[in-house]
Engineer: 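Got a structure for you, written out below as structure tokens; questions coming shortly.
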Amino acid sequence: MLRLGVIGCGRVTTMFHLRAIRDISEIEVAAVSDIDEKLMREAAGLCGAKAYRDYHELLSDPDIDGVAINTPPRLHEAMVLDALSNGKHVLCEKPLSDTVEGCVRIGEAQNESGLAVLPAHNYAFTPCLTRLTDLVDSGK
């Protein structure tokens, strides 16, 4: 079981990530973090997770194996690097960084750590694509 921490509890998290993760039995959302107390509490309530206002506290939680970073793009690079330095695997909404140099820094840190870093844009579980997949699979 992968124990996941989610950093950033806005619409991307509540509308997409938490719904998709709910369907994956090998992943448990164990903690969430957001500077907005209301968003953080709402997301924590949806998945029964611990809640942290400061993402550094989430990263220092030894029960967390990896993190999903769903914050504004300007924050991604520093958060990815912080996660790697805390021994966490990373799934990060696109982009990983605002610059090519930032992506190189992330690549170097990932290589040194041996941890996984995956940039993502999650549309795989959206209702319209699920419906389309069902139609294609049925032959319609």
Side-chain angles (χ1 to χ4, degrees):
M1 171 78 59
L2 175 76
R3 295 181 47 84
L4 186 69
V6 178
I7 302 172
C9 297
R11 286 186 65 192
V12 168
T13 293
T14 57
M15 290 182 65
F16 300 106
H17 285 264
L18 293 181
R19 289 180 183 182
I21 293 166
R22 183 175 43 224
D23 294 336
I24 303 171
S25 62
E26 298 85 5
I27 300 175
E28 172 192 355
V29 177
V32 298
S33 176
D34 200 290
I35 59 172
D36 183 311
E37 180 95 19
K38 182 179 179 220
L39 292 175
M40 179 189 66
R41 294 285 171 212
E42 178 186 341
L46 290 172
C47 56
K50 293 186 267 186
Y52 297 101
R53 290 276 316 273
D54 183 342
Y55 81 93
H56 294 98
E57 291 178 28
L58 183 149
L59 292 177
S60 67
D61 185 333
D63 294 331
I64 304 300
D65 303 310
V67 295
I69 299 174
N70 302 334
T71 58
R74 70 183 182 283
L75 304 173
H76 290 179
E77 181 183 342
M79 289 179 166
V80 170
L81 293 172
D82 287 344
L84 291 172
S85 70
N86 279 274
K88 310 299 184 200
H89 299 284
V90 179
L91 171 76
C92 183
E93 275 291 324
K94 52 80 182 147
L96 287 175
S97 174
D98 290 339
T99 66
V100 171
E101 295 80 12
C103 289
V104 169
R105 283 189 288 276
I106 289 170
E108 290 170 349
Q110 185 271 326
N111 287 334
E112 289 173 18
S113 71
L115 297 164
V117 175
L118 176 66
H121 189 57
N122 183 5
Y123 277 110
F125 297 98
T126 57
C128 64
L129 288 181
T130 301
R131 177 73 176 128
L132 179 61
T133 301
D134 291 344
L135 290 169
V136 170
D137 290 346
S138 73
K140 291 182 182 178

Engineer: Please report the closest heavy-atom contact between K88 and L59, naming both atoms and the distance.
Structural biologist: CE-O, 2.9 Å
Engineer: Give every donor-acceptor pair under 3.5 Å between a side-chain atom in residues 113-120 and any protein atom, sequence neighbours left out.
Structural biologist:
residue : atom : partner : partner atom : Å
S113    : OG   : A109    : O            : 3.2
S113    : OG   : Q110    : O            : 3.0
S113    : OG   : L115    : N            : 3.1

Engineer: Donor-acceptor pairs are to be reported for all side-chain atoms of residues 69-78 against protein atoms at under 3.5 Å, with residues two or more places apart or in another chain.
Structural biologist:
residue : atom : partner : partner atom : Å
N70     : OD1  : H17     : NE2          : 3.4
N70     : ND2  : T13     : OG1          : 2.8
H76     : ND1  : E93     : O            : 3.1
H76     : ND1  : P95     : O            : 2.5
H76     : NE2  : T71     : O            : 2.6
E77     : OE1  : S97     : OG           : 2.9
E77     : OE2  : R105    : NE           : 2.8
E77     : OE2  : R105    : NH2          : 2.9

Engineer: Answer whether the closest heavy-atom distance between the side chains of E108 and V104 falls below 4.5 Å.
Structural biologist: yes
Engineer: Shortest non-hydrogen contact from D54 to S33?
Structural biologist: C-OG, 3.6 Å
Engineer: Donor-acceptor pairs under 3.5 angstrom involving side-chain atoms of residues 36-46: please list them, not counting sequence neighbours.
Structural biologist:
residue : atom : partner : partner atom : Å
D36     : OD1  : K38     : N            : 3.0
D36     : OD1  : L39     : N            : 3.0
E37     : OE1  : R53     : NH1          : 3.3
E37     : OE2  : R41     : NE           : 3.0
E37     : OE2  : R41     : NH2          : 3.3

Engineer: Could you measure the distance from the CG atom of N86 to the CG atom of L81? Nearest 0.5 Å is fine.
Structural biologist: 11.5 Å
Engineer: Please name the pair of heavy atoms, one in C47 and one in L18, separated by the smallest distance, quoted to 0.1 Å.
Structural biologist: SG-CD2, 4.2 Å
Engineer: Excluding sequence neighbours, so at least two apart, what forms side-chain hydrogen bond (donor to acceptor under 3.5 Å, both in side chains) with D65?
Structural biologist: none
Engineer: Which residues pass the side-chain hydrogen bond (donor to acceptor under 3.5 Å, both in side chains) test with D82, sequence neighbours left out?
Structural biologist: Y55, H56
Engineer: So if you build clusters from Ile, Leu, Val, Met, Phe, Trp, Tyr with side-chain heavy-atom gaps below 4.5 Å, do I106 and V90 land together?
Structural biologist: yes
Engineer: Under the side chain to side chain donor-acceptor pair (under 3.5 Å) rule, what pairs show up with a residue in residues 1-10, not counting sequence neighbours?
Structural biologist: R3-E28
